[in-house]
Amino acid sequence: MEVQDREFLRRWDGLGSRDASSRTEAMENICQEVMRKVEAIGPLPASVPSPPASGSPSNSELNGILAHLLMLSQRCPFEDVRERCICLLQTVQDLGVRIPRPLGNGPSRFIPEQEILQVSKVDTRTQSIFEDAFAALGRLDNVSLVMGFHPQYLDSFLRTQHYLLQMDGPLSLHYRHYICIMAAARHQCSYLVNLHVNDFLQVGGDPKWLNGLGEAPQKLQQLGELNKILAHRPWLLTKEHMKCLLKAEEHSWSLAELIHAVVLLTHYHSLASFTFGCGIMAEIHCDGGHTFRPPSLSQYCMCDIANGNGHSNHHDDPFGNQEVCGEVEVLMERMKQLQEGRDDEEASQEEMATRFEREKTESMLVVTAEDEECVPSRDISRHFEDPTYGYQDFSRSGEHVPTLRVQDYSWEDHGFSLVNRLYPDVGQMLDEKFQMAYNLTYNTMATHKDVDTSMLRRAIWNYIHCMFGIRYDDYDYGEINQLLDRSFKIYIKTMVCSPEKTTKRMYESFWRQFQHSEKVHVNLLLMEARMQAELLYALRAITRYMT
């Protein structure tokens, strides 16, 4: 969305109302405004559709509005708004103005569009969650649609995110969105950067800050080092890093502000992981989400959108016809054997420690990427410093970084209370979200029902924490190799540590017999385990500074 059409789009809030008459009134105002802008372009020959409206500010403003209408025609959870937007776009096209069409195949590059919950075909509970999200942000984004496989989790996620971004808190609204941009940019996540650039401008942020981190206030620039270490090597954080921010004279952060910033940074680092891990596409109304070029020589018809034919629906699934014999059954049998082994014998503390060290070392041998280094574009890299700094394994040869033992510093006993004390209610919300992802189960594995998946969920969570050097004394790390195969480990490590390198091939190569909803569930686990790991190191450093 361009800066110049911000004012107009601000007046669309009525479309998020649960009151149908308020939506109708808002839609009438939008129709009148759009028709005024179309008429301002001047008379158009009936036989030749206009080129995309570009050049003059009024034309590019109309383009932004048409793209927004296109998004609403597919993503608004209110059927009356969707239908009116389709009609309005069709009317504009009939007047000879070229209208946009969506690019890509739905919300995800990895998951066929028809398998993702359609906005018009959800149950009452999910509908209510979608309506709340739309009312809060004026959009129902692709992340929410993909998370919609798991409405219980989505509800918790959206409430937390809404509180962090929009409710009372230590940081101003434009600072919050700028920190989100900084965090997403560290992983080259243009999807999240673009969303928050728009949000930053909408809450009155200074456009000059978007020229690069060097144009932002000194206070935000000082956050760059914390952002960098937290995103890639959080175990290196010390109380000295926190002291630099909290004792910076006129540019210093308060403890409450720093906690808010840390939670935002960790939330958006991990959300970048989810975005890449699920192949989330650009939003329809954002750059890369639509085009004004016609799909072929025949004129594009708005009714195609209403019928779901707005773009190609070919889904190439290289594994679609390939039978992966017994993958699920083998995994279930291993879980059963491990459970029986647990009942028969218990390993000594020394053996448990050895198995953790072995798994930690083996995780270093898992290579994250098949392709060469991703070079961030100038659009993204201007929002952070030191683009060469990236993930390195927790304990490389020649270095010794102490393991973080959970009984010495845990979320439940230490991190939770610190966050809740300095940023009330957020600790509770984060705790619910962690618990939701960790405990979420439908007791199914692919086509099998009544399966206890707790052992598998714990293995995934603890493997991620192991890669971050976090150890649970009561967990047998020998289980990880039994339950997580190599292709799955490659996917996990890439998505958690270098998410910008995640490919469709990686997504398709693990758990090939499982449903997309189960893979999305895995991604929720990975996202939350990563966020908790980052938070533990940051909060431990703050605790050490305070004591």
Side-chain angles (χ1 to χ4, degrees), residues 75 77 107-108 110-111 115-119 121-137 139-165 191-192 263-264 266-280 411-412 416 425-445 451-454 456-462 464-465 491-492 495-496 499 507 511 514-535:
R75 297 285 187 263
S108 165
F110 300 169
I111 306 169
E115 293 199 29
I116 294 174
L117 287 168
Q118 300 297 305
V119 174
K121 301 171 186 166
V122 295
D123 59 41
T124 309
R125 183 185 182 191
T126 307
Q127 175 71 17
S128 180
I129 295 168
F130 282 178
E131 287 173 6
D132 288 343
F134 187 82
L137 287 170
R139 62 173 182 258
L140 182 60
D141 57 40
N142 290 339
V143 164
S144 298
L145 284 171
V146 172
M147 284 183 182
F149 279 119
H150 306 286
Q152 206 178 348
Y153 172 85
L154 175 62
D155 188 31
S156 176
F157 172 85
L158 288 174
R159 273 188 291 109
T160 306
Q161 186 167 265
H162 177 68
Y163 195 92
L164 291 174
L165 293 176
Y191 170 85
L192 291 173
V263 174
L264 282 172
T266 56
H267 179 83
Y268 277 89
H269 293 155
S270 56
L271 190 54
S273 283
F274 183 85
T275 299
F276 284 114
C278 291
I280 301 292
W411 166 254
E412 292 79 7
F416 169 80
D425 297 331
V426 168
Q428 189 64 45
M429 288 179 164
L430 292 175
D431 192 58
E432 284 172 13
K433 191 160 62 77
F434 292 147
Q435 295 288 343
M436 185 70 68
Y438 189 87
N439 295 319
L440 185 65
T441 183
Y442 305 95
N443 299 112
T444 58
M445 281 177 68
V451 184
D452 180 358
T453 61
S454 55
L456 183 55
R457 282 180 275 123
R458 191 177 184 195
I460 293 168
W461 187 278
N462 288 2
I464 293 156
H465 281 198
Y491 176 80
I492 292 173
M495 186 193 144
V496 171
Y507 175 88
W511 281 14
F514 285 75
Q515 321 236 358
H516 287 292
S517 62
E518 292 172 303
K519 290 192 171 192
V520 171
H521 182 189
V522 164
N523 285 343
L524 297 178
L525 267 176
L526 304 190
M527 174 173 75
E528 295 297 350
R530 176 190 175 168
M531 182 177 180
Q532 192 180 95
E534 281 190 32
L535 266 179

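In this structure, the separation between CG on L264 and OG1 on T266 is 8.0 Å, given to the nearest 0.5 Å. Distance check: M495 CE to C278 SG gives 6.5 Å after rounding to the nearest 0.5 Å. Taking CE of M436 as the reference point, atom CD of E432 lies at 7.0 Å (rounded to 0.5 Å). A distance of 4.5 Å separates CE of M531 from CG of L430, quoted to the nearest 0.5 Å. The structure places CG of L456 at 9.5 Å from OG1 of T441, a figure rounded to the nearest 0.5 Å. To the nearest 0.5 Å, the span separating OG on S144 from CD1 on I280 amounts to 9.0 Å.
Contact record, Q152 with L440: OE1-CD1, 4.2 Å, taken as the closest heavy-atom pair. In terms of heavy atoms, S517 sits closest to F149 at CB-CD2, 3.6 Å. Nearest approach of I111 to E115, heavy atoms of both residues: CG2-CB, 4.3 Å. Across Y438 and L525, no two heavy atoms sit closer than the pair CA-CD2, 3.8 Å. Taking each heavy atom of L164 and V263 in turn, the nearest pair found is CD2-CG1, 3.6 Å. The heavy-atom pair separating E518 from M445 by the smallest distance is OE2-CA, 3.4 Å.
A distance-only check finds a donor-acceptor pair linking the side chain of Q127 to the backbone of P77 [under 3.5 Å]. Under a 3.5 Å cut-off, the side chain of N443 and the backbone N or O of D452 do not form any donor-acceptor pair. With hydrogens and angles disregarded, no donor-acceptor distance shorter than 3.5 Å links the side chain of Y191 to the backbone of F276. T160 places a side-chain N or O within 3.5 Å of a backbone atom of S156 that can act as its donor or acceptor partner.
By the 4.5 Å heavy-atom criterion applied to side chains, F157 and H267 are counted as neighbours. Using a 4.5 Å cut-off on side-chain heavy atoms (C-beta onward), S273 and L526 make no contact. In this structure, the side chains of V520 and F274 come closer than 4.5 Å at one or more pairs of heavy atoms. A 4.5 Å side-chain heavy-atom check between F130 and L158 finds every atom pair outside the cut-off. By the 4.5 Å heavy-atom criterion applied to side chains, H269 and R530 are counted as neighbours.
Side chain to side chain, E528 and Y153 meet the donor-acceptor criterion of an N or O pair below 3.5 Å.
Classified by interplanar angle (parallel below 30°, tilted 30° to 60°, perpendicular above 60°), the ring pair H150/H521 is tilted. Between W411 and F434, the ring planes are perpendicular. Angles over 60° get that label, and only those under 30° would be called parallel. Using cut-offs of 30° and 60° for the angle between ring planes, the F514 and W511 rings count as parallel.
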(message) Could you walk me through whether D155 and R125 satisfy the side chain to side chain contact (heavy atoms under 4.5 Å, CB included) test, starting with their C-alpha distance in whole Å, then the side-chain angles of each, then the deciding distance to 0.1 Å, before giving a yes or no?
(response) CA-CA 10 Å; D155 188 31; R125 183 185 182 191; 4.2 Å; yes

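Among R457, R458, H465, the one residue that satisfies the side chain to side chain contact (heavy atoms under 4.5 Å, CB included) test with W461 is H465.
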